[in-house]
Amino acid sequence: MEVELLSPAGNFDTALAAFEAGADAVYLGLNDYSARSFADNFAPSQLRDLMRVAKKRGKKVYVTFNTIIDEDRIEGVIEALAELNDIKPDALIVQDIGVARLARKYFPDLELHASTQLVAHNLEGVLAMKELGFKRVVLARELSLEEIQSISKRSGVELEVFVHGALCYSISGLCLFGAMEKGRSGNRGKCPYCCRLPYENEEGKKTLAFSMKDLRVGEDVRRLIDSGVVSLKIEGRMKSELYVASVTKYYRQLLDGTRGVTTSDLETVFSRRTTKLYLDKTNKEPVIDPDSLGHLGAEIGVIKRITKDREGLLWLRFHTSRALEKHDGLQFAASDGGTPLGMGISEMRQAISRRSVFEVLAGTDVEILVSEELARDLKSGMKVYQSASQAVKRAFPIPSFRPSDYEGREVIDIEVTLLKDKIVANGHEIVCSLEKAKNPDKTYEGVKKAFSKLGETEYRLGTLKLNDPEKLFAPMSVLNDLRRDLVEALDEEREKKRRESIERANNGEMEDVCSAIDFKTLKTVKLYAGQKIPSGDFDEIIITIDPLALHLLPTPTPLYRLATPVYTKEPDFNKLRVAVKGLIRKGFTKWEASDLATLRMLKLLGVKDITADWTLYAFNLSALKELSSMGVKRFVASPENTRENLQFLAESGYHVEFLAQQSTPLFISLNTPAANPVELEVFERGGLWVTTKKVPRTFDLPEGVSTRLDLSWDK
């Protein structure tokens with residue numbers, strides 16, 4: 001299978017630009033249920049148009065359905081899935097396993113891809129997602145090339161990896177900072193980018209403690225292809241058409257072995273400092289940039305001096321390594337690491353001349369007219385960056401779109417019969433009086449012309465059969481009316497099927513409601529191995545294991561339940577499996593799964609009593625049913641739940657456990673922060689860096705429910 005270059009599309013023009021630049025596929029979101037709700041996104045009608053473009057050009061379109069879903073939105077989800085089932089995108093990218101279950105059960109023609117929000121970071125997790133019906137898995141960004149190769153060889157499922165774009169500090173899917181602190185959840189498509197905010201360190205200085213560099217794999221994409229991945233993904237549904245087009249073209253060239261767009265060109269469009277993250281395990285470079293945040297540009301020189309001419313105008317001189325032209329943008333890095341200083345080129349000249357020019361070549365000593373206000377802040381030796389390039393912009397014009405250029409995707413075969421008193425097409429008729437044709441040899445072409453005018457509809461003409469035994473003449477106006485009637489009838493039939501599929505799904509979910517499970521109210525506490533067990537009358541004590549600290553575990557009794565780590569690297573998973581087997585043999589028969597990987601492992605090891613921690617995100621009845629079918633007996637509600645959804649979970653008939661108190665893990669990361677902010681607690685726990693607030697949260701819970709005190713994230 002040829003590797004696919006997959007580009008982001010925040011709107012219709014960006015999708016067209018991505019296709020024009022060489023993308024094999026784009027991924028996009030609808031107005032709802034997308035993890036980038038602040039992108040322009042797509043209405044269903046726009047998606048239909050784009051599918052026609054993609055079909056004609058041999059491209060693919062994937063729709064992101066990658067947010068967690070509260071129960072009160074499930075009816076809307078079913079309607080959206082029915083709409084998508086009619087539109088037929090090439091796949092849905094899904095986070096919520098309840099949504100995956102609904103799609104698989106009621107809309108099986110929709111291909112499913114597992115979102116990176118599902119945290120597939122080892123082979124066991126990928127296999128679990130494969131068993132849930134996912135044809136492709138988007139791997140966690142934190143994996144190394146060696147880990148990707150290992151998973152690819154043994155998984156038997158398509159793998160997709162990110163190669164370019166913004167990185168989250170937290171492991172995707174395990175960030176609660178926005179939801180807890182800003183009321184804007186990344187898991188619901190409304191990330192407030194808390195990792196990009198400045199935080200005060202112990203010295204009282206503001207620093208970007210969590211702000212990640214951007215991923216840029218570059219020429220190493222060839223190594224990824226050799227590892228067995230099928231899709232190379234560019235991040236950026238919030239980015240401009242120019243960004244998507246230029247980055248797509250850059251990677252298209254790398255894949256095709258051609259030249260053109262350079263990394264310097266990309267940096268004129270948007271540039272954070274870049275990293276290859278963990279692609280090479282030997283990489284020791286910092287992955288966090290604590291000093292700069294936004295776009296700076298391509299470095300092109302160093303200020304030599306600022307001079308004043310006889311008219312009193314100020315000219316900034318430097319040697320440029322890139323061609324420049326009028327209206328290009330320049331920026332200058334502030335010496336204190338603050339906001340860069342910027343300007344547009346209104347007038348420039350070669351340093352050896354006083355004549356203004358429109359452009360200069362790379363390798364030129366150039367003088368740029370600069371304002372007195374800006375000149376006061378500029379000094380010799382400061383770096384000069386090209387922050388915008390008119391030449392780069394011209395290289396990527398936005399393609400035009402005319403609906404009439406693209407046929408519908410559904411082929412219809414039409415049989416037309418001409419009679420003296422009517423014309424019939426596929427069972428639809430128009431009563432009229434027809435006369436003998438003067439040129440009967442031209443009748444077929446006239447009928448074909450009329451029924452080929454399907455314009456912006458979903459249909460295109462396949463075969464046309466004409467029955468005309470009496471050689472009659474059919475007026476074009478009548479044929480056009482009949483075609484419109486036929487299209488209207490086809491649309492009505494599609495809508496009928498869509499409504500029937502919605503009704504079938506809604507009725508099926510109502511019939512499949514869980515009968516109330518008989519359970520008693522429990523009071524539990526969760527700890528990390530080695531933490532002191534608090535005093536209290538607990539029905540159960542849950543302890544998260546660390547395979548390197550098994551000696552810290554207590555003697556097995558019915559009081560104890562062991563929990564798996566929330567993140568286990570691919571090379572370490574077999575060690576975890578061996579440790580769990582040994583603990584089961586010792587008598588630990590009650591377990592808690594933190595992710596799909598460890599849930600699958602526990603089930604295969606024969607564990608019968610399994611709970612699912614909140615990191616499995618069971619927010620709706622469909623997700624509860626899916627996890628229950630995988631062997632889960634009890635569920636822990638996520639701290640991200642609303643009060644209304646907690647009430648639903650309490651009344652769902654399933655045994656759901658609620659957090660009464662927790663030092664909520666705002667970030668869970670593999671990356672050491674650049675500083676320890678004084679407002680937050682940042683500490684290492686089992687190979688992960690955890691960020692919490694200093695004050696544990698107490699949650700407002702429904703009455704009479706099982707409760708949990710979670711101390712595992714306490715410092």
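Hydrogens, waters and symmetry mates are skipped; everything else that's a heavy atom, side chains included, is used. Values in this document were obtained by computation on a predicted structure and should not be read as measured data.
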Any Lys/Arg nitrogen of [X] or [Y] sitting under 4.0 Å from an Asp/Glu carboxylate oxygen of the other?
| X | Y | result |
| --- | --- | --- |
| Glu131 | Arg600 | yes |
| Asp405 | Lys56 | no |
| Arg57 | Glu20 | yes |
| Glu458 | Arg48 | yes |
| Asp24 | Arg252 | yes |
| Arg216 | Glu267 | yes |

Results of side-chain contact (heavy atoms from CB on, under 4.5 Å) for [X] - residues two or more places apart only:
| X | value |
| --- | --- |
| Asn122 | Glu124, Thr568, Glu570, Phe573, Ala597 |
| Gln95 | Asn66, Ile68, Ser115, Gln117, Asn187, Tyr617 |
| Arg394 | Glu325, Gln390, Ala391 |
| Pro108 | none |

Run the side-chain contact (heavy atoms from CB on, under 4.5 Å) check on Leu224 and Leu145 step by step: do they pass?
CA-CA 7 Å; Leu224 282 169; Leu145 183 65; 3.8 Å; yes
When you look at [atom1] of [X], are more than 12 heavy atoms from neighbouring residues, nucleotides or ligands closer to it than 6.0 Å?
| X | atom1 | result |
| --- | --- | --- |
| Lys55 | NZ | no |
| Glu410 | CD | yes |
| Glu684 | CD | yes |

Minimum-distance pair of heavy atoms, taken over all atoms of [X] and [Y]:
| X | Y | result |
| --- | --- | --- |
| Thr116 | Leu139 | OG1-O, 3.3 Å |
| Glu235 | Ala166 | OE1-N, 2.8 Å |
| Ile668 | Leu688 | CG2-CD1, 3.7 Å |
| Ser7 | Ala18 | CB-CB, 3.8 Å |
| Leu616 | Ala593 | CD1-O, 3.7 Å |
| Asp280 | Asp220 | OD2-OD2, 4.3 Å |

Could you tell me whether the side chains of [X] and [Y] share a donor-acceptor contact shorter than 3.5 Å?
| X | Y | answer |
| --- | --- | --- |
| Trp689 | Ser669 | no |
| Ser227 | Arg223 | no |
| Thr268 | Asp265 | no |

In sequence, state the C-alpha distance, the side-chain angles, and the governing distance for Asp70 and Arg188, and then conclude on salt bridge (Lys or Arg N to Asp or Glu O under 4.0 Å).
CA-CA 10 Å; Asp70 287 345; Arg188 300 176 189 273; 3.2 Å; yes
Any donor-acceptor pair under 3.5 Å from Ser622 side chain to Arg101 backbone:
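No, the answer is negative, given that no donor and acceptor are paired below the 3.5 Å cut-off.
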Tell me if a side-chain donor or acceptor on Arg222 pairs with a main-chain N or O of Leu255 at a distance below 3.5 Å.
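Side chain of Arg222 to backbone of Leu255, a donor-acceptor pair under 3.5 Å: yes, one is there.
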What residues form a salt bridge (Lys or Arg N to Asp or Glu O under 4.0 Å) with [X], not counting sequence neighbours?
| X | result |
| --- | --- |
| Lys603 | none |
| Asp546 | none |
| Asp90 | none |
| Glu626 | Arg104 |

Please determine which of Phe177, Tyr193, Phe667 meets the ring pair (Phe, Tyr, Trp, His ring centres under 6.0 Å) test together with Phe210.
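Looking at Phe177, Tyr193, Phe667, the match for Phe210 under the ring pair (Phe, Tyr, Trp, His ring centres under 6.0 Å) is Phe667.
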Give me each pair satisfying ring pair (Phe, Tyr, Trp, His ring centres under 6.0 Å) with a member in [range], each pair once, sequence neighbours excluded.
| range | answer |
| --- | --- |
| residues 44-64 | Tyr62-His113 |
| residues 228-251 | His164-Tyr251 |
| residues 263-288 | Phe270-His295 |

Distance in Å, Arg577 CZ paired with Lys575 NZ, rounded so as to fall on 0.5 Å steps:
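Reported to 0.5 Å precision, the distance equals 13.5 Å.
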Would you sort out whether Asn671 and Tyr169 count as a side-chain contact (heavy atoms from CB on, under 4.5 Å), showing the intermediate values?
CA-CA 7 Å; Asn671 304 301; Tyr169 171 74; 3.8 Å; yes
Candidate pair Arg272 and Ser211, rule side-chain hydrogen bond (donor to acceptor under 3.5 Å, both in side chains), full reasoning:
CA-CA 10 Å; Arg272 289 192 184 100; Ser211 184; 5.3 Å; no
Could you note down all residue pairs passing salt bridge (charged side-chain N to carboxylate O under 4.0 Å, His left out) where residues 168-178 supplies at least one of them, sequence neighbours left out?
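Every candidate salt bridge (charged side-chain N to carboxylate O under 4.0 Å, His left out) pair involving residues 168-178 fails, so no pair, neighbours aside, qualifies.
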Apply the test side-chain contact (heavy atoms from CB on, under 4.5 Å) to residues Val137 and Val126: give CA-CA distance (whole Å), side-chain angles for both, the deciding distance (0.1 Å), then the verdict.
CA-CA 7 Å; Val137 175; Val126 171; 4.1 Å; yes
